[in-house]
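The structure displayed is predicted, hence computed values, not measured ones. The analysis underlying the following values was restricted to heavy atoms, covering all of them including side chains, and did not include hydrogens, waters or symmetry mates.
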Amino acid sequence: MNTTLQKMSRRTEPYILGAIIALSLLIQARSGQFFTGNNLVDLARSMTVPGLFAVGAMIVIVSGGIDVSFPAIASLSMYITTKILLAADYSGPVILAYIIGGVLGLLMGLFNGVLIGYFRFPTLVVTLGTSSLFIGIMQGVLAARELPVPPAMFDHGTAKLFSAYNTQLGLSSDMPVQILLLVAVLAVTAFLLRSTMLGRGIYAIGGDEVSAKRAGFNVFGTKMFIYGYVGVIAGIAGIARACMMRNAHPTNLQGIEMIIIAAVVLGGTRVTGGVGTLTGTMFGMALMTIMSNSLILLGIPTYWQKVFTGAIIIIGTGVSARQAMAKRAKPRKASPSPSKAPQSQEASK
Amino acid sequence: MMLKKTLLLMLVACTTFAVFANGEGERQPKPESEWKIALVPKDSTNAWFVRMEVGVKEFAADSGLNAFQKGPAKTDAAMQVQVIQDLIAQDVDALCVVPVDPAALEPVLGEAMDKGIVVVTHEASFQENTMYDIEAFNNADYGAFIMDNLAKAMGGEGEYTTMVGHVTNASHNEWADGGVARAAEAYPNITLLDSEPRVESEDNMERAYEKAKELFKKYPNLKGVLGTSSKDAPGVSRAIEEMGLKDKVFVAGTGLVSECRPFLESGTLQYITLWDPKDAGYAMCSLAAKILRGEEVADGLDLGLPGYENMQFAPGSDKVLIGSGWIVMDKNNMDEYNF
């Protein structure tokens, strides 16, 4: 019992969950509108696409890399897909959009993978480069402009699982079907990370690449898989985004990578690799989403909102970093396995 | 050494010839039917400037003059200089230019003016080498115009707030300030939401949508949103539609028909405001023709189309002419606009 408590106190999730609860109560106290069905649906909706991105960003960070190209991959996949479907006057089911978007994402992801896995270039530099390359293709080659989405994507974007009503204010909110996509990606990724050798390999490489190689993991293959998989997630997230916005905007995802990476780190994923959980990542993303969608509810003036957001990120990541440092100071106690790899919180569960 | 001298000699010969050929800026008087008026947009493929060309053609048809549009294939200052040089070589009589980068065009426009070519610009109020610069409107007046439309939608009463791309964006905030000033002076029953008078949409339709939803939850009495960025009106409309607030909450602001069509059709959004590049194209050609005819350019100048029939000089300027060339688009006239 005592050891479970000790173990819990060393994890990041309980702290971040505490922060979410505290922030929620504060918003509820200030506005009376936090714990209403429609507000919670609104938040789930706002978290859908960033949540997908966060899963991808977390896998890369766990493997010891950093990827800033996923918004560009998402934008380019989404834009090409929309253009193809519009040109073909497509009116069939929306699944084709996801397939095209996913395949395009996969190709771009594998391109990252080759540069990182085969040529062993630093991940940040590679993904910064491919990011401008993909945006450049969109703006230069495709002369991208905003496009309306084809009917299949429009209908998919307006589809809802259910509506939440707020009788007090006479408001309603629709739960978008795209939330199922996030649930599915989370389920697949959780299985992958917990129950497959490939998943263990991702943690192992992030912990120590040389040890992972000596332990028999195929480092190149694993890296190709990581960047390909993250490319697919980015591709379908781009499609989901365009459907939900009912508009294919070539550049409006740019800049989202910083918020996503901050959320992943906030959720306890260690920037140096090897440690991170999906639960923590989703908690981190939830905290960021609640914050960026509640500043008006909190009554913080527009001019001060960035200061508030920055403070939360610094405090949050600071707490995570301190946790990590405390753990490294007592490695034997923190990790039951004597070798450094695979050393993960998933493993110690 | 020899080569250098030859080159220098050739250069001198060319320059001398050029000076004589052009007669030191004195142009031969030509009959009107031989005038060539060229409009150089930033980018000839962009939908905005494709629309501008419609105005140029309309002017040519109305006036019987030879007015045409010729621009670079993409938004590129160097390519625009090239196009202007080609037009000078083709002996045009007037150049109407929408500069990509006003500073980069100073030398070539100076050269054109030295040769006696009439130069008129648009959206370049700090251009030095131009005879006149046409601006569609003054920012505060445009904001007041948005407010008039919002007030009409709100039925003349209720609480409203303003939305801008970023609080640091100069023109959005000047429009919003103009709207607030208009409401204070003309609509006694319309009040600004004191606790949140200005919110940011980050020029992003998704953020405009999210911020609007927050506003409607926090302030149930809010009845109107004055949008400035072209993403504000469609984003807020989507929130109004989804939250079931249609006919209870209203939004007006800058918008493009291409993005707002479904909301205009459903009636969630009644008015979007904009300026029409077609009108600006027509006005520029019209002004160039007036200068060529030697007509006087003064306050109250009429360029022959709505919004540009009473042009005024900007305070303290004898170059910048300001019109009231905004337009409002609604369900009934939106099909006339292709942007």
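- There is no contact between B/Arg261 and chain A, counting heavy-atom distances below 4.5 Å.
- For B/Val199, the parts sitting under 4.5 Å from any heavy atom of chain A are the backbone and the side chain alike.
- In this structure, A/Arg246 CZ and B/Glu206 CD are separated by 10.0 Å, a value rounded to the nearest 0.5 Å.
- Distance check: A/Asp42 CG to B/Met243 CE gives 5.5 Å after rounding to the nearest 0.5 Å.
- A donor-acceptor pair is defined here as one N or O able to donate and one able to accept, closer than 3.5 Å; no such pair exists between the side chain of A/Thr302 and the backbone of B/Glu200.
- Listed here is the closest heavy atom pair of A/Ile296 and B/Tyr219: CG2-CE1, 4.1 Å.
- Listed here is the closest heavy atom pair of B/Arg238 and A/Met244: NH1-O, 3.1 Å.
- Proximity to chain A (any heavy atom under 4.5 Å) is shown, for B/Leu215, by both the backbone and the side chain.
- Side-chain contact between A/His249 and B/Met205 is absent, with no heavy-atom pair separated by less than 4.5 Å.
- Of the atoms belonging to A/Asn39, heavy atoms from both backbone and side chain fall under 4.5 Å from chain B.
- Contact detail for A/Leu295 and B/Glu214: the closest heavy-atom pair is N-OE2, 3.2 Å.
- Counting heavy-atom neighbours within 6.0 Å of B/Lys57 NZ, excluding the residue itself, gives a total of 12 or less.
- When heavy atoms are compared at a cutoff of 4.5 Å, A/Tyr165 does not approach chain B at all.
- With a 4.5 angstrom heavy-atom cutoff, A/Gln305 touches chain B only via side-chain atoms.
- Contacts of B/Glu242 with chain A are made by both backbone and side-chain atoms, with heavy-atom separations under 4.5 Å.
- Nearest heavy-atom pair, A/Ser172 versus B/Gly244, reported as atom, atom and distance to 0.1 Å: OG-N, 3.9 Å.
- Distance NZ/B/Lys213 to CG/A/Leu297: 11.5 Å, rounded to 0.5 Å.
- Ranked by heavy-atom pairs shorter than 4.5 Å toward chain B, the options A/Pro301, A/Ser292, A/Gly255 are led by A/Ser292.
- Rounded to the nearest 0.5 Å, atoms OH (B/Tyr209) and CZ (A/Arg45) are 3.5 Å apart.
- Contacts of A/Leu147 with chain B are absent, with no heavy-atom separation under 4.5 Å from either backbone or side chain.
- Only the backbone of A/Leu298 comes within less than 4.5 Å of a heavy atom of chain B; no side-chain atom from C-beta onward does.
- Note that NZ of B/Lys218 and CG of A/Leu169 are 12.0 Å apart. Values are rounded to the nearest 0.5 Å.
- For A/Asn247, the part sitting under 4.5 Å from any heavy atom of chain B is the side chain, from C-beta outward, and nothing else.
- Only the side chain of B/Lys231 comes within contact range of chain A, with heavy atoms under 4.5 Å apart.
- Interface check for chain B: of the options A/Ser173, A/Ser294, A/Ser163, the most heavy-atom pairs under 4.5 Å are formed by A/Ser294.
- Of the atoms belonging to B/Lys217, heavy atoms from both backbone and side chain fall under 4.5 Å from chain A.
- Interatomic distance, B/Arg207 CZ to A/Asn293 CG, rounded to the nearest 0.5 Å: 5.5 Å.
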